[in-house]
4 protein chains.
Amino acid sequence: MNARSAAQEEKRRLILDAAVRVFARRGYHASRVGDIAEEAGVAHGLLYHYFRSKDEVLATIFRENWGTLVGRFRDVAASPTTAEEKLRGIAKILLRSWIRDPDLVTVMIREVARSPHLQAQVAEIGDGFAVIRSVVEQGLADGEFREDVDPLFATWIFYGGLEELLTGWVLGQLPHGDADVARAEEMVVAVVCGGLVRR
Amino acid sequence: MNARSAAQEEKRRLILDAAVRVFARRGYHASRVGDIAEEAGVAHGLLYHYFRSKDEVLATIFRENWGTLVGRFRDVAASPTTAEEKLRGIAKILLRSWIRDPDLVTVMIREVARSPHLQAQVAEIGDGFAVIRSVVEQGLADGEFREDVDPLFATWIFYGGLEELLTGWVLGQLPHGDADVARAEEMVVAVVCGGLVRR
Amino acid sequence: MNARSAAQEEKRRLILDAAVRVFARRGYHASRVGDIAEEAGVAHGLLYHYFRSKDEVLATIFRENWGTLVGRFRDVAASPTTAEEKLRGIAKILLRSWIRDPDLVTVMIREVARSPHLQAQVAEIGDGFAVIRSVVEQGLADGEFREDVDPLFATWIFYGGLEELLTGWVLGQLPHGDADVARAEEMVVAVVCGGLVRR
Amino acid sequence: MNARSAAQEEKRRLILDAAVRVFARRGYHASRVGDIAEEAGVAHGLLYHYFRSKDEVLATIFRENWGTLVGRFRDVAASPTTAEEKLRGIAKILLRSWIRDPDLVTVMIREVARSPHLQAQVAEIGDGFAVIRSVVEQGLADGEFREDVDPLFATWIFYGGLEELLTGWVLGQLPHGDADVARAEEMVVAVVCGGLVRR
DNA sequence: GATGAATGAGATTTCATTCAT
DNA sequence: AATGAATGAAATCTCATTCAT
């Protein structure tokens, strides 16, 4: 990567970061290309040098960040520990991303999670599920988890719990201080792994 | 309700039902008011006789159907049984709505669940959570649930699991035959109440 | 005119009067047929029993009231007095119409005076000018007025002065108490007949 | 003003001039934004690059041209001559604007003169009156005009005469050759300053 | 690479008018 | 006569995208 590309890369980042802030603030549909350009401090035509369309900006945001998360999921899944600990690790990664970059999480939760449109563009979207599922299946294979567990549904239920917590924070409906995030993380593992019912 | 208003009510329904189909097919933003009118077999101007805007059509769809669901949640919550059974009942209601009306669930999951825009319009959105929470709190008070459970987070986690299963069906990522729905229902209760970990 | 027509006539009046108020309040273009109907307390469809269109309502308002004014102009013109006194009489009629019915004058000044559209529909519009002109020509023939006066231009100038005073009241730019109206009337005759310049 | 902004200014003018022609031909309300763009030979979207709305186009036309006229009024008012001569100068400016640009006068007379809507937007509208009034007051102070003259009403009456002559030309009801305009100018000063009545 | 003027498809919404009841 | 549901033409304005400079 030479000096030129580094400068280019920097501008690309500028635009992506601006887009995250703008999408978080106004939502994807209500955000105009001009808003992003203004936030980035460039002319709006420049956006089209780096991205094919407004849509591609959103897809790029998702792809790059989701890819990072999934990579970290994989690290956790590859570590030598129990399935429960691995689920805890995944929960920690996902939930703490809220603290690290709330705008980014806002965009990913709000704009991407449910859009069949984007799902088509971003094949990687299923990768996170695959990692979680492999952990669940390990738990089953090891006899750590109950054998009547359906790994596919269990994966979605676990992920749903995580996503809903993020949603609660995005929508401002759940307390979201650092301590709250830590407690949420404990709760999601406690509930999903240990169940609500007193043993 | 006289003949006139019954006829009007019928037309209103016609438009709402058409809107559900169109929104499910193309998504809210890609659906034009003219598409809804065409699907309903009326002039597009008539839509504005019954609703203030395209937005209000979506809000109405959500409000009326969510209200029905919440009403049924309440019936379950009021029945004389264990908290676990009540959660099972709520899961059944929500998940089986997929079988009853997939288009409607598609719209509610895809367009409404994360939109802060609609959340503002539809105050009732929190009512469902409130019912679930009351059940969780009952489980705690009765000693049925573990005392270290945070009822707020547990509520969101449980609801997230349900919503994610619906999302999986909406996106065509999860098997969704009647038997699958029944198994999903069992799983969500088994996981959330009993936990994944073998006792 | 039998009982039926009297009832009809009454409703017609109701609509016309309502239209004057609505047009005065919001302007012709911004006034909806429904506004007029609501103000009149009837269904908006009924308007189309009495008038061919919204446009015809305005034309009717103008025609009927302008006709009345012109009739009174004619009475003045036919009275046995000087041209100056006749002009004073005409000024009095026109300017005092403001006191009698400000809404009506507002509509006539604002919507009709300059509209070539309406001028086409309302042939009577030139009748008022004709009466004034006949008075000016009488003044010339009698030697009362200076012989270098061009009666056509003089007529328009005189009428313009009157119309502008009404405009000032309509726009709320001129004081419009009863005494102000009386003084305006004196001024317009003093200026037009006697001139500004000290003799 | 560099090359870029000069080119822009030119385009802005192009649109404004086209708008004047279109408004003169069809009237403001009947003119579509697309008509203006077509007349100017640009895409209709460009209009919104230069003006916020169709309304603002009209307001701009009025403001800029009225401002020019008022500036010339002020020059006349500042010249060292009698009040009568000054009124003659003002009449000349206003009436000859008809010869210079009939379309522009048509628009200003027809669309702006009576619209309270525009009056709100264009504060400068009263400036012309203020200049005339100052001349009248000078005439009074100098003893040139009769002391019973009310300067406010006299101003409106004088302006009304001028505006009505323009209206007559706009509506095609008054002869409007160059000689007619010159005679009209003489008449309005003769009548307003000297009065109709033979001395 | 950078700019922002220019384009034009397209969408919502309004509202005069019609007409079945 | 009276109603108001229904129609649909029409118009403004937005904004993603292109492209000359």
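Numbers restart at 1 for each chain; the letters A, B, ... are given by sequence-line order, proteins then strands.
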Checklist entry - Atom OH of Tyr48(D) to atom P of dA16(F): distance rounded to whole Å? => result 17 Å

Checklist entry - Think His49(D) has a side-chain N or O under 4.0 angstrom from the OP1 or OP2 of dA6(E)? => result no

Item to check | Distance-minimising heavy-atom pair for Ala37(B) and His44(B) | outcome: CB-CA, 3.4 Å

Next on the checklist: Are more than 12 heavy atoms, taken from residues, nucleotides or ligands other than Glu124(B), located less than 6.0 Å from that residue's CD atom?
Outcome noted: yes

Next on the checklist: With a cut-off of less than 4.0 Å, is there a side-chain N or O of His44(A) near OP1 or OP2 of dG4(E)?
Outcome noted: no

Checklist entry - Just by distance, do the side chain of Tyr28(C) and the backbone of Asp55(C) share a donor-acceptor pair under 3.5 Å? => result yes

Next on the checklist: To check you understand the geometry: which heavy-atom pair defines the closest contact between Ile15(C) and Ile36(C), and what is its length?
Outcome noted: O-CG2, 3.9 Å

Checklist entry - For the pair made of CD1 in Ile36(A) and C1' in dC15(F), what is the distance, rounded to whole Å? => result 12 Å

Checklist entry - Is Arg52(B) atom CZ crowded by more than 12 heavy atoms from other residues, nucleotides or ligands, each under 6.0 Å away? => result no

Checklist entry - 5'-most contact on DNA chain E: Ser53(B) or Val33(C), nearest heavy atom basis? => result Ser53(B)

Checklist entry - Can you check whether Arg32(A)'s main-chain N or O pairs, donor with acceptor, with Arg26(A)'s side chain at less than 3.5 Å? => result no

Checklist entry - Nearest-Å distance, CG (Leu46(B)) to C1' (dT13(E))? => result 14 Å

Item to check | Nucleic acid contacts of residues 11-28 of chain B, taken as heavy-atom distances under 4.0 Å to DNA chain F | outcome: Lys11(B)

Checklist entry - Given atom NE2 of His29(A) and atom C1' of dT14(F), what is their separation to the nearest angstrom? => result 14 Å

Item to check | Separation of dT14(E) C1' from Leu47(B) CG (nearest whole Å) | outcome: 13 Å

Item to check | Ser31(A) vs Ala30(D), nearer the 5' end of DNA chain F by closest nucleotide | outcome: Ala30(D)

Checklist entry - How does DNA chain F look in dot-bracket form if you count Watson-Crick and G-U pairs under 3.5 Å, write [ ] for pairs that cross, and put | where a base pairs with another strand? => result .||||||||||||||||||||

Next on the checklist: With a 4.0 Å cut-off on N to O distance, would you call Glu64(B) and Arg12(B) a salt bridge?
Outcome noted: yes

Item to check | Residue met sooner reading DNA chain F from 5', once Arg52(D) and Gly41(C) are mapped to nucleotides | outcome: Gly41(C)

Checklist entry - Nearest-Å distance, CD (Glu38(D)) to P (dT7(E))? => result 13 Å

Next on the checklist: Please check this pair: side chain of Lys11(A) against backbone of Tyr50(A), looking for a donor-acceptor N/O pair closer than 3.5 Å.
Outcome noted: no

Checklist entry - Please give, in whole Å, the distance from dA11(E) C1' to Asp35(B) CG? => result 11 Å

Checklist entry - Across the strands shown, which category fits Tyr50(A) at heavy-atom distances under 4.0 angstrom: base, sugar-phosphate, nothing? => result sugar-phosphate

Item to check | For atom CZ of Arg32(A) and atom C1' of dT14(F), their distance in whole Å | outcome: 9 Å

Item to check | Arg21(C) (side chain) donor-acceptor with Asp103(C) (main chain) under 3.5 angstrom | outcome: no

